[in-house]
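Take a look at the structure set out below.
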2 protein chains.
Amino acid sequence: MKLSDAKLQFVASWGAFGTHWGINRTMAQIHALLLVSPEPLCADDIMEQLNISRGNANMNIRELIDWALVERVIVPGERKEFFAAEKDIWKVVRQIVKERKKRELDPMLKLLGQLSDVEGDRRDKEVKTFTETINNIKRVGEQADKTLETLIKADENWFLGSLMKIFKAG
Amino acid sequence: MKLSDAKLQFVASWGAFGTHWGINRTMAQIHALLLVSPEPLCADDIMEQLNISRGNANMNIRELIDWALVERVIVPGERKEFFAAEKDIWKVVRQIVKERKKRELDPMLKLLGQLSDVEGDRRDKEVKTFTETINNIKRVGEQADKTLETLIKADENWFLGSLMKIFKAG
DNA sequence: TTGAAGTTTCAAAATTTATTGAAAGTATAT
DNA sequence: ATATACTTTCAATAAATTTTGAAACTTCAA
């Protein structure tokens, strides 16, 4: 397969993949493009390669920077900004897990805590089912929270080495 | 907090949560509603409680059944269908992980396999960066694949017990 | 200063996704 | 058979999200 075709396909697929995970297609495509670029790209490069407008490029680049997946790079002798993606995929995964945990899991656990005691007779089937379900979700959520917290702090070697040996043994 | 308010809030939040994960809001809301209902509900119950049309209810219930998160229930003496959600949250998590792995991770790994050898000089910086990035993503993806496979097969006690002890010790 | 180069913003337009509701389809009881 | 109760489908519509592009803003060199 030719490099240019492979790149196109990677960018398109990464974009489609992103949409299944609540990430906007263009943002994922820009990320993919930067991941496979040896040199940092400027806004015009990105606009040209993905056929998108300046506004669109700008907004999605900023979002990627916000997620700490991309950083601004100063290129000596150039006035405009350049952008480069974090290339260490393990760091990328950890970063995404960290952000999504903060934005989604943490608020969900907070809510579940608030919902876990409702007024009313515990022998009432409605009350009982509600309380039990919420508490079960809370338990699993808290477990996930701990697991992800460990994963966020883990370094790759520890994760790929120790954890997997244990998993296989389990 | 009153049960009725707590239910409303849970349904609304579960719906919002779903949208961040590429799941349609109504589907997540129906799931939430069934999770906290002690008895199976029929299409009309769901339509009424969520203020949605029959077509919408029908399509999203079917989708939930497709994901094996909800099942049809025959209620003796009733002609219409009733629906109940799987209440074991650990099973729900495993089921979702299993489906998403099949639908998303597996195809992605297949693609990465195809992209991992491109034509051209390996000393070419473009070729080198592309190949290395794809292979790094592939490695992490394959690791995730194994981990999730183990998780899918694991039973709750094993997971909550052994795994977490190990994580804490790590 | 001024102007050239670059970046950001955001209302309007385009696109995508979700929802409706009525017609068509199915199953069941009589 | 046929009326009744219920489910499914899908074209039309509505809603939500994404994208555009031009104006406003910023920065910097001369």
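Naming: A, B, ... by sequence-line order, numbering from 1 per chain.
Distance B/Arg62 CZ to C/dG25 P: 16 Å, rounded to the nearest Å. Straight-line distance from the CD1 atom of A/Ile65 to the P atom of C/dT8: 8 Å, rounded to whole Å. If you measure from atom CZ of A/Arg54 to atom P of C/dA11, you get 21 Å, rounded to the nearest angstrom. At whole-Å resolution of the value, CE in B/Met59 and P in D/dC10 are 9 Å apart. We find that CG of A/Asn56 is positioned 13 Å from C1' of C/dA13, with the value rounded to whole Å. When rounded to the nearest whole Å, the span between CD1 of A/Ile74 and C1' of C/dA5 equals 15 Å. Spacing between atom NZ of B/Lys80 and atom C1' of D/dT4 amounts to 14 Å, rounded to whole angstrom units. The CD1-P distance, from A/Ile46 to D/dT20, rounds to 14 Å in whole Å.
Atoms CD and CG, on B/Gln29 and B/Asn24 in that order, are 9.0 Å from each other to the nearest 0.5 Å.
Crowding of A/Gln114 atom CD: a count of heavy atoms from other residues, nucleotides or ligands under 6.0 Å exceeding 12.
Comparing atom distances between the A/Ile52 side chain and each of D/dT9, C/dT8, D/dT20 picks out D/dT20 as nearest. Taking only side-chain atoms of A/Asn24, from C-beta outward, the nucleotide of C/dT19, D/dT7, D/dT18 with the closest atom is D/dT18. Taking only side-chain atoms of A/Asn58, from C-beta outward, the nucleotide of C/dT8, D/dT20, D/dT19 with the closest atom is C/dT8.
Nucleic acid contact class of A/Asn51 (heavy atoms, under 4.0 Å, all strands): sugar-phosphate only.
In this model, the phosphate group of D/dT19 is approached by a side-chain N or O of A/Thr26 to a distance below 4.0 Å at OP1 or OP2.
B/Lys101 and B/Pro107 make their closest contact through O-CD, 4.3 Å (heavy atoms, listed as atom of the first residue, atom of the second, distance).
Relative to the ring axis of A/Trp90, B/Arg139 does not place its NZ or CZ within 45° and under 6.0 Å from the centre.
Mapped onto DNA chain C by nearest heavy atom, A/Glu81 and A/Thr19 fall at different nucleotides, with A/Glu81 at the one closer to the 5' end. Checking A/Arg25 against B/Arg79, the closest nucleotide of DNA chain D that is more toward the 5' end is the one next to B/Arg79.
Contact check for B/Ile65 versus B/Phe83: side-chain heavy atoms found under the 4.5 Å cut-off.
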